[in-house]
Amino acid sequence: MKRLLIVGMVLAMASLAFAGGNPNVKAYVSFDQTGGGAEIHQCDMTMYVGFNAYFCFSDLDMGLTVVSFMINNPMVECPGLFASQSFTNLMDIIVGDPFTGMSLASTTCRPGPVEVVGYLNLFPIAVGDCCVVILDDPDFPRWVVDCTTPNGEVDFYGVLSNGTIGAADCPPGDVVPVEDATWGGIKALYR
């Protein structure tokens with residue numbers, strides 16, 4: 001039911017546009033501990049010192065209102081390194097789960113050009129290598145709805161960089177966004 005709600009919300013907010021005002025939008029993981037979204041894609045960890053991996057979207061010429069993605073689960077993929085992890089949504093609404101697919105939405109325009117939409121707090125109990133990876137939501141495309149009025153328009157994002165902890169061999173980004181599509185084609189996915 002929540003998935004249907006977010007689809008309805010996105011469709012209500014988005015026009016029948018081919019591409020919106022953010023044609024070069026990129027997602028990336030930042031270890032900038034100020035939370036400002038600087039492009040710091042690698043970090044080293046210290047035992048018993050928690051840190052955050054921030055999920056950022058850049059090149060937002062027309063802002064951001066909705067985004068869909070998921071992240072890998074470092075506690076599962078890097079067993080024994082972390083005692084805990086928790087995701088914090090910095091938008092207004094979250095539908096879904098960060099590790100199985102989520103859509104984040106804001107009730108107001110997030111103007112950009114860089115927006116930090118959430119972060120994963122990790123508490124290490126050992127030192128090692130791990131990755132924090134932005135993945136495709138299994139139910140929704142890589143979309144970002146912009147702040148165009150009266151209805152937002154959709155662009156598709158590419159991944160600039162995933163997050164590398166230590167010397168992990170993490171998947172590279174794919175700065176070429178997925179292929180643009182019309183809203184008719186997107187709506188057909190849900191019929």
Hey, does the side chain of [X] reach the backbone of [Y] with a donor-acceptor pair shorter than 3.5 angstrom?
X	Y	answer
Asp155	Gly21	yes
Asp136	Pro138	no
Thr65	Val145	yes

Listing, residues 69-78 side-chain donor-acceptor contacts under 3.5 Å, not counting sequence neighbours, or none:
unit_1	atom_1	unit_2	atom_2	d
Asn72	OD1	Val133	N	2.7
Asn72	ND2	Glu77	OE1	3.0
Asn72	ND2	Cys131	O	2.9
Asn73	OD1	Met75	N	3.2
Asn73	OD1	Val76	N	3.4
Asn73	OD1	Gln85	NE2	2.6

Derivation and outcome, side-chain contact (heavy atoms from CB on, under 4.5 Å), residues Val144 and Leu60: CA-CA 9 Å; Val144 170; Leu60 295 170; 4.2 Å; yes
Salt bridge (Lys or Arg N to Asp or Glu O under 4.0 Å) pairs, two or more places apart, involving residues 41-70: Lys26-Asp59
Sequence neighbours excluded, every pair satisfying salt bridge (Lys or Arg N to Asp or Glu O under 4.0 Å) that has a member inside residues 27-43: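 Qualifying pairs: none.
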Less than 3.5 Å apart, which donor and acceptor atoms pair up between the side chains of residues 160-169 and the rest of the protein, not counting sequence neighbours?
unit_1	atom_1	unit_2	atom_2	d
Asn162	OD1	Ile134	N	2.8
Asn162	ND2	Pro171	O	3.0

Flag side-chain contact, heavy atom, 4.5 Å: [X] against [Y]:
X	Y	value
Leu122	Leu81	no
Phe55	Val29	yes
Asn121	Phe51	no
Glu153	Asn22	no
Tyr48	Pro124	no
Cys130	Phe82	yes
Gln33	Tyr54	yes
Val95	Ile93	yes

Cluster check Met91, Phe99: I/L/V/M/F/W/Y, side chain < 4.5 angstrom: yes
Test side-chain contact (heavy atoms from CB on, under 4.5 Å) applied to Leu90 and Val117, step by step: CA-CA 5 Å; Leu90 296 176; Val117 299; 5.6 Å; no
Which residues share a side chain to side chain donor-acceptor pair (under 3.5 Å) with Thr108, sequence neighbours left out: none
By side chain to side chain donor-acceptor pair (under 3.5 Å) - contacts of Tyr28 (at least two apart): none
Mutual orientation of the aromatic rings belonging to Tyr157 and Phe57 [parallel < 30°, tilted 30-60°, perpendicular > 60°]: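 Plane angle over 60°, so perpendicular.
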Spacing of [atom1] belonging to [X] relative to [atom2] belonging to [Y], to within rounding of 0.5 Å:
X	Y	atom1	atom2	answer
Ser30	Tyr119	OG	OH	13.5 Å
Phe87	Asp97	CZ	CG	9.5 Å
Met62	Cys147	CE	SG	7.5 Å
Ile125	Met45	CD1	CE	9.5 Å

Minimal non-hydrogen separation, Val66 against Ala105, with atom names: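 Looking at all heavy atoms of both residues, the shortest contact is CG2-CB, 3.9 Å.
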Distance-minimising heavy-atom pair for Val114 and Gly37: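 Looks like CG1-O, 4.3 Å.
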Salt bridge Arg110-Asp146, side-chain N to carboxylate O under 4.0 Å: no
